[in-house]
Engineer: 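Pasting a structure below so you can have a look.
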2 protein chains.
Amino acid sequence: MSARALPYRPHNHDDCVSQALAEARAICQEQHARLTPTRERVLELIWESHKPLGAYDVLAKLASEGHSAAPPTVYRALDFLQQYGLVHRIASLNAFIGCAHAGEHHTGMFLICRSCGNALELTDTTVSKAIHEAAGAEAFVTEAITLEIAGLCPSCQGEQPNG
Amino acid sequence: MSARALPYRPHNHDDCVSQALAEARAICQEQHARLTPTRERVLELIWESHKPLGAYDVLAKLASEGHSAAPPTVYRALDFLQQYGLVHRIASLNAFIGCAHAGEHHTGMFLICRSCGNALELTDTTVSKAIHEAAGAEAFVTEAITLEIAGLCPSCQGEQPNG
DNA sequence: CTGCGGATGTTATAATGTTACAAATTCTGC
DNA sequence: GCAGAATTTGTAACATTATAACATCCGCAG
Ligand SMILES: [Zn+2]
Ligand SMILES: [Zn+2]
Ligand SMILES: [Zn+2]
Ligand SMILES: [Zn+2]
């Protein structure tokens with residue numbers, strides 16, 4: 001598995017998509033989960049870019065391609081994809097993004113550019129270890145971590161320092 | 001300024017409230033910001049417990065005490081309070097909680113118990129340093145950090161390990 | 001008094017997410 | 001293949017969270 005492209009750098013994004021879909025198929029097969037056409041299409045739409053996409057944006061794209069769809073269709077697909085670690089929900093944006101480390105049992109940390117909207121998923125053991133230790137020091141049992149960093153990506157610095 | 005009580009331990013919570021209000025008044029005076037009755041009352045309601053409170057919960061409490069109020073009233077007060085660092089928004093819960101470190105220029109990290117609902121705000125320099133370094137390694141300019149840990153607080157462990 | 005700016009009131013609406021139940025599809029044991 | 005069970009999908013209504021737009025009030029400077 002090659003290194004991931006940085007979202008805010010020009011890159012052949014079709015590779016991102018096909019790699020994500022291939023991994024998804026493999027993971028679902030291994031886990032005996034059914035990556036149905038709707039679920040796969042939703043995953044593909046989420047991967048259309050590296051910008052987190054709202055559920056209703058996905059819904060609109062589905063509708064625009066003739067797929068009769070209502071909110072539960074999308075939310076169910078997204079729930080499924082989250083369950084198998086194929087997408088993440090970005091709580092601070094009410095939006096969803098494809099997981100860049102599917103199947104790797106990781107704690108995602110997202111760098112979200114407020115200018116271009118792209119999000120980069122990182123895993124950093126120093127960070128997650130520090131978090132677990134801080135929580136452990138309070139005798140708290142960690143189950144889920146939401147870590148989202150808003151700011152400016154390298155490409156957007158200098159251009160518009162302010163909104 | 002004494003150490004804060006742990007939210008999930010029995011404590012004299014009136015002290016939490018009065019300390020928070022006193023700090024808020026001091027901060028607003030210093031910053032030439034107007035802590036109007038509505039804003040102060042909203043802050044007080046947020047501080048009614050250590051559980052994050054939804055905007056519409058605040059609204060209901062205001063209404064129940066005769067204060068004619070609509071959503072914008074609450075959201076405006078919450079915006080103001082956030083702006084002056086007196087409350088935090090918990091993105092993963094769509095809820096708000098009083099800041100335990102008002103005026104201290106900090107990055108809050110929240111331990112949120114899924115059983116009792118209480119949230120503890122920590123500041124941990126090891127964690128924030130690790131986060132800033134990880135973001136810096138990607139040449140990302142950090143502006144805001146959302147860090148919310150869901151799990152079980154000490155008081156709730158053992159009782160109901162599952163939902 | 002008068003005008004100005006911040007704060008609030010009021011109504012309506014947008015955006016996000018869920019419940020409930022019916023219909024269709026897929027799987028399983030035979 | 002076929003009956004029944006389980007999963008998935010369709011559909012309509014609804015719940016929750018948040019904002020837009022505009023009128024009004026209030027404290028204060030001139
Ligand atoms: Zn890409
Ligand atoms: Zn991931
Ligand atoms: Zn308390
Ligand atoms: Zn705080």
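Quick note on labels: first sequence line is chain A, next is B, and so on, each numbered from 1.
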Engineer: Which residue pairs pass the side-chain hydrogen bond (donor to acceptor under 3.5 Å, both in side chains) test when at least one of the two sits in residues 118-132 of chain B, sequence neighbours left out?
Structural biologist: B:His88-B:Glu121, B:His106-B:Glu121
Engineer: Quick one: side-chain hydrogen bond (donor to acceptor under 3.5 Å, both in side chains) partners of A:Glu30, sequence neighbours excluded?
Structural biologist: none
Engineer: Quickly work out the A:Leu62 CG to D:dT11 C1' distance and round it to whole Å.
Structural biologist: 16 Å
Engineer: Name all residues meeting the side-chain hydrogen bond (donor to acceptor under 3.5 Å, both in side chains) criterion together with B:Arg34; count only those two or more places apart in sequence or in a different chain, and write none if there are none.
Structural biologist: none
Engineer: Taking 5' to 3' order, which nucleotide of DNA chain C is first and which is last to have an atom within less than 4.0 Å of a heavy atom in chain A?
Structural biologist: C:dT16 to C:dT26
Engineer: Please table the atom pairs, donor to acceptor, closer than 3.5 Å between any side-chain atom in residues 90-99 of chain B and protein atoms at least two apart or in another chain.
Structural biologist:
{"from": "B:Ser92", "atom 1": "OG", "to": "B:Glu148", "atom 2": "OE1", "distance (Å)": "2.5"}
{"from": "B:Asn94", "atom 1": "OD1", "to": "B:Arg89", "atom 2": "NH2", "distance (Å)": "3.2"}

Engineer: Between atom CD in A:Gln83 and atom C1' in D:dT8, what is the gap in whole Å?
Structural biologist: 13 Å
Engineer: B:Tyr8: what forms a ring pair (Phe, Tyr, Trp, His ring centres under 6.0 Å) with it, not counting sequence neighbours?
Structural biologist: none
Engineer: Angle between the two end axes of the helix from C:dC1-D:dG30 to C:dC30-D:dG1, five base pairs per end, rounded to 10 degrees?
Structural biologist: 30°
Engineer: Show, in sequence, the C-alpha distance, side-chain angles and deciding distance for B:Leu62 and B:Leu45, and conclude whether the side chain to side chain contact (heavy atoms under 4.5 Å, CB included) test is met.
Structural biologist: CA-CA 8 Å; B:Leu62 279 179; B:Leu45 288 170; 3.8 Å; yes
Engineer: Taking only residues two or more places apart in sequence or in another chain, which ones pass ring pair (Phe, Tyr, Trp, His ring centres under 6.0 Å) with B:His13?
Structural biologist: B:His11, B:His50
Engineer: I need the full list of salt bridge (Lys or Arg N to Asp or Glu O under 4.0 Å) pairs touching residues 63-85 of chain A, with sequence neighbours left out, sorted by first then second residue.
Structural biologist: A:Arg41-A:Glu65
Engineer: Rounded to the nearest Å, what distance is computed from the CZ atom of residue A:Arg34 to the P atom of nucleotide D:dA6?
Structural biologist: 14 Å
Engineer: Output all residues satisfying side-chain hydrogen bond (donor to acceptor under 3.5 Å, both in side chains) with B:Lys61, sequence neighbours left out; order by chain, then residue number.
Structural biologist: B:Glu48
Engineer: Considering residues at least two apart in sequence or located in another chain, which fulfil the side-chain hydrogen bond (donor to acceptor under 3.5 Å, both in side chains) criterion with A:Glu138?
Structural biologist: none
Engineer: Tell me which of B:Ala70 and B:Thr38 sits closer to the 5' end of DNA chain C, going by the nucleotide each one is nearest to.
Structural biologist: B:Thr38
Engineer: Listing time: all N or O pairs from protein to nucleotides 17-20 of chain D that are below 3.5 Å?
Structural biologist:
{"from": "D:dA18", "atom 1": "OP1", "to": "B:Arg89", "atom 2": "NH1", "distance (Å)": "2.3"}
{"from": "D:dA18", "atom 1": "OP1", "to": "B:Arg89", "atom 2": "NH2", "distance (Å)": "3.3"}
{"from": "D:dA18", "atom 1": "OP2", "to": "B:Tyr75", "atom 2": "OH", "distance (Å)": "2.9"}
{"from": "D:dA18", "atom 1": "O5'", "to": "B:Tyr75", "atom 2": "OH", "distance (Å)": "3.4"}
{"from": "D:dA18", "atom 1": "N7", "to": "B:Tyr56", "atom 2": "OH", "distance (Å)": "2.6"}
{"from": "D:dA18", "atom 1": "N6", "to": "B:Tyr56", "atom 2": "OH", "distance (Å)": "3.3"}

